There are 4 protein chains.
Amino acid sequence: MAQSRTAPDASRRNPSSRRAILAAALDLVGEVGYTKLTVEGIAGRAGVGKQTIYRWWPSKGAVLFDAFLTLNEGQDGEVQTLPDSGDLEADLKLVLRATVAELNDPRYDEPMRALSTEITHDPALAAAYAERLDGPLRQLKRERLHSAQRAGQLAEELDLDVAIEMVWGPLLNRWLHRSGPLTPEYADQVVETALHGLRPRP
Amino acid sequence: MAQSRTAPDASRRNPSSRRAILAAALDLVGEVGYTKLTVEGIAGRAGVGKQTIYRWWPSKGAVLFDAFLTLNEGQDGEVQTLPDSGDLEADLKLVLRATVAELNDPRYDEPMRALSTEITHDPALAAAYAERLDGPLRQLKRERLHSAQRAGQLAEELDLDVAIEMVWGPLLNRWLHRSGPLTPEYADQVVETALHGLRPRP
Amino acid sequence: MAQSRTAPDASRRNPSSRRAILAAALDLVGEVGYTKLTVEGIAGRAGVGKQTIYRWWPSKGAVLFDAFLTLNEGQDGEVQTLPDSGDLEADLKLVLRATVAELNDPRYDEPMRALSTEITHDPALAAAYAERLDGPLRQLKRERLHSAQRAGQLAEELDLDVAIEMVWGPLLNRWLHRSGPLTPEYADQVVETALHGLRPRP
Amino acid sequence: MAQSRTAPDASRRNPSSRRAILAAALDLVGEVGYTKLTVEGIAGRAGVGKQTIYRWWPSKGAVLFDAFLTLNEGQDGEVQTLPDSGDLEADLKLVLRATVAELNDPRYDEPMRALSTEITHDPALAAAYAERLDGPLRQLKRERLHSAQRAGQLAEELDLDVAIEMVWGPLLNRWLHRSGPLTPEYADQVVETALHGLRPRP
DNA sequence: TTGTAATCGAGACGGTACGTCATGTCTTGCG
DNA sequence: CGCAAGACATGACGTACCGTCTCGATTACAA
């Protein structure tokens, strides 16, 4: 299956250039922000020619995305499963508080906003994100919820994907649009409300 | 409160130039997308000098924001209140299905993504958004939920803001990150799940 | 008579930028040579944006050409006429020796080679050169020869343009192709040989 | 005489690559012109790696020069001597008309301009040119003039190199700088004027 | 009625970054 | 080892926009 435009030969790729580029991209997006992140800047910081970036990535966003990928693969072994103490509410609060902490961490905030923006405007990148980054994490969440479902802590007819979005959606939205303070208490509140529902207790 | 740099005199502002600029911004963001939207492009399309834009708006995002504002004020009278038939679930489904339809409408999709991106990266704009665009709408939602609360359809101790985010958050997230199909059925599912909670019915 | 591509408005042109560009071009061609002369270099040296060069000149060669033009117009008044002592041979030797000196002057050598190269490869520039730079000078030469012709020192049927090329051509060729030493003696020799012809004296 | 940088072993050189490179250089300079002639282009057209060019030639100009050399050696046997009918004027006109024809031939025009430019800016190449290309031809000219001198058709004290430049210089200049039409009549005129001199016939 | 002071369209300006192209060096794998 | 292939750091290309600026020409308020 040949490429139309003389596809570069990946076997000849210089791996240290690749690493330098991804590291530079992550560094820079944190330092100068997404809007002022430039391909020239990345190349300069990485000690690499611009062409070496354009040869292997179609866009600034793709570089950033790859940087995130390796970041996550770098920590592999770390998050293989979500905590499962048997107490779903406690476990979810734990995880969501961790998420809140990460989103509030300036080292992650700007890069993740950048990634979100790229995904927002590039469906291809969104698909890659869904498959490579969000997918595995969502699988973990699904498994934890499924375990709870088997334990009778979640409704049998519940669509787990909807459940996931109900728990994490409010958080991400508040973070992205700064529509309110992103505190551990908020995380707790969301978990409680999602589990109990909006209706009065019977 | 005087500006240091000879603040422009708003009374002398040419309203037709303003309208042309906002209209051009909306048109263009739909045509060429957020990334390729330029101040020069807006000025050219609006038949206006670049300086006329820079005189009245601090950034491209501010123009876009203003364009949305006038868009909403243009339709005023339309959404003064949310439907209140007494049946909260039905009313919410109605409203969320309308939201889904809007987000899927190509005329709104790209401009709203653009606005979202600007908000993501500009806290000042986010504040303006919270006050001028999101605020009034959220107030309507809050009122509808409050009415339901008074009718005993929602828990008394419920934080209405959390409730709002639990209902609309999943939708906005799925739209923004394209993490799944954005259908009327999904809207229904979200409403039902939010109202009942994730737990099994007792 | 409108231009097709939104011709720039010459009346708004910044004359000091123009001067800085031409001066920088002349300086740089002398310093780094024609091959390494770059538009970016000129812009940098002149403290000017690249676009300001591209706005007003179609090519690097055109800038260089303009630089020569202003150089010559700058010295106006200097060479209005060629010396006419009545002794054609002496006058020509004087002029040719001056030309030799100029061609050997490092300040002129490199820039003139650059100009020659541009003319060689760009007919449009060659036409401009013929009209604006070579033309006036050639007219002076023609006049001096015509004066000699009237004085009976040149053949009546002589084509003065051919005569001019016979006198200056050898010099320019030797200079351009370095086909031999370019000395005052050579200048004298050329004048003598051209005047007497190659044939034996009768 | 060892090179510092592991001089390539000429005996292992692939002669067919060499020929392909020289042919490609000549073809391309005619097709795209001197300015757009690139080493990559030559390598691509020749089906050769870039390194094979850089290994054997120091510069683009050297390739071009070599291409000319082989071109001339290819026609060897053709011009071993200049015509010598005894009538110098007729013979010179014949030769100069041939030169005019060659310079006007589009197959030779662009390549020769390219070579001329390289020579203009590279003294080393100019020396090589003087020795390998111009030298032999000049020797033929010198011999023909010498023959005429012996026959009493040229002045005894004449410097034959000056004479050669007086005859060919005007032609080359007019060609290179396009300072006038390059016609057979012009060739004749130059010959006549050079032989008779500018002075009136006695 | 006539300044006079602002906005306006237009667009030149010094810059930064774009994405492409060519340079000359280096590395890989074939013959 | 020469060679075809092509990745690499470098740097210039010519273009697109940035945000500032200057230029008449309207336009509206104050003298």
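Just so it is clear: chains get the letters A, B, ... in the order the sequence lines come, proteins before strands, and each one is counted from 1. Everything numeric here is computed off the predicted structure, so don't read it as measured data.
Nearest to the side chain of Pro8(A), among dA17(E), dA12(F), dA7(F), sits dA7(F). For Val39(A), whose side chain is taken as the heavy atoms from C-beta onward, the closest listed nucleotide among dA9(F), dC18(E), dT20(F) is dC18(E). The Arg13(B) side chain lies nearest to dC8(E) when the options are dA9(F), dC8(E), dT15(F). Checking dA12(F), dC8(E), dC18(E) against the side-chain heavy atoms of Glu40(C) singles out dA12(F) as nearest. In this structure, of dC17(F), dC8(E), dC21(E), it is dC8(E) that holds the atom nearest to the side chain of Ser17(B). Nearest to the side-chain atoms of Trp56(D) among the listed nucleotides dT20(E), dC3(F), dG14(F) stands dC3(F).
Counting only distance, with no hydrogens or angles, the side chain of Thr117(B) and the backbone of Arg113(B) share a donor-acceptor pair below 3.5 Å.
Looking at Leu28(D) and Lys36(D), their side chains never come closer than 4.5 Å, going by heavy atoms from C-beta outward.
If you take OH of Tyr34(D) and C1' of dA22(E), they are 14 Å apart, rounded to a whole angstrom. Spacing between atom CG of Asp9(C) and atom P of dG24(F) amounts to 10 Å, rounded to whole angstrom units. Tyr54(C) has its OH atom 14 Å from the C1' atom of dC18(E), to the nearest Å. What separates CH2 of Trp57(A) from C1' of dG19(E) is a distance of 16 Å, to the nearest Å. One atom, CZ of Arg45(C), and another, P of dG14(E), lie 16 Å apart when rounded to the nearest Å. A straight line from CZ of Arg18(C) to P of dC13(E) spans 12 Å, rounded to a whole angstrom. If you take CD1 of Ile42(D) and C1' of dT23(E), they are 13 Å apart, rounded to a whole angstrom.
Residue-to-nucleotide proximity on DNA chain F shows that, of Lys60(B) and Ala46(A), the 5′-proximal contact is made by Ala46(A). When the nearest nucleotides of DNA chain E are assigned to Lys36(D) and Asn14(C) by heavy-atom distance, the more 5′-ward of the two goes with Asn14(C). A residue-by-residue look at Arg12(A) and Leu37(D) shows that Leu37(D) has its nearest nucleotide of DNA chain E further toward the 5' end.
Under 3.5 Å, the side chain of Gln51(A) and the base of dC8(F) form no donor-acceptor pair of N or O atoms. For a distance-only test at 3.5 Å, the side chain of Lys50(A) fails to qualify as a donor-acceptor partner of the base of dG11(F).
Ser11(C) comes within contact range of no nucleotide atom at all, as no heavy-atom separation falls under 4.0 Å. Arg55(C) comes within 4.0 angstrom of a base, heavy atoms only. Within the 4.0 angstrom heavy-atom criterion, only backbone atoms of the sugar-phosphate kind lie near Gly47(C); the bases stay farther away.
Counting non-hydrogen atoms of other residues, nucleotides and ligands closer than 6.0 Å to CZ of Arg132(D) gives a total of 12 or fewer. Within a 6.0 Å sphere centred on CZ of Arg45(D), heavy atoms belonging to other residues, nucleotides or ligands number more than 12.
Classification of the Tyr34(B)-His121(A) ring pair by plane angle, with boundaries at 30° and 60°, yields parallel.
Listed pair Thr38(D) / dC21(E) fails the phosphate criterion, with no side-chain N or O lying under 4.0 Å from OP1 or OP2.
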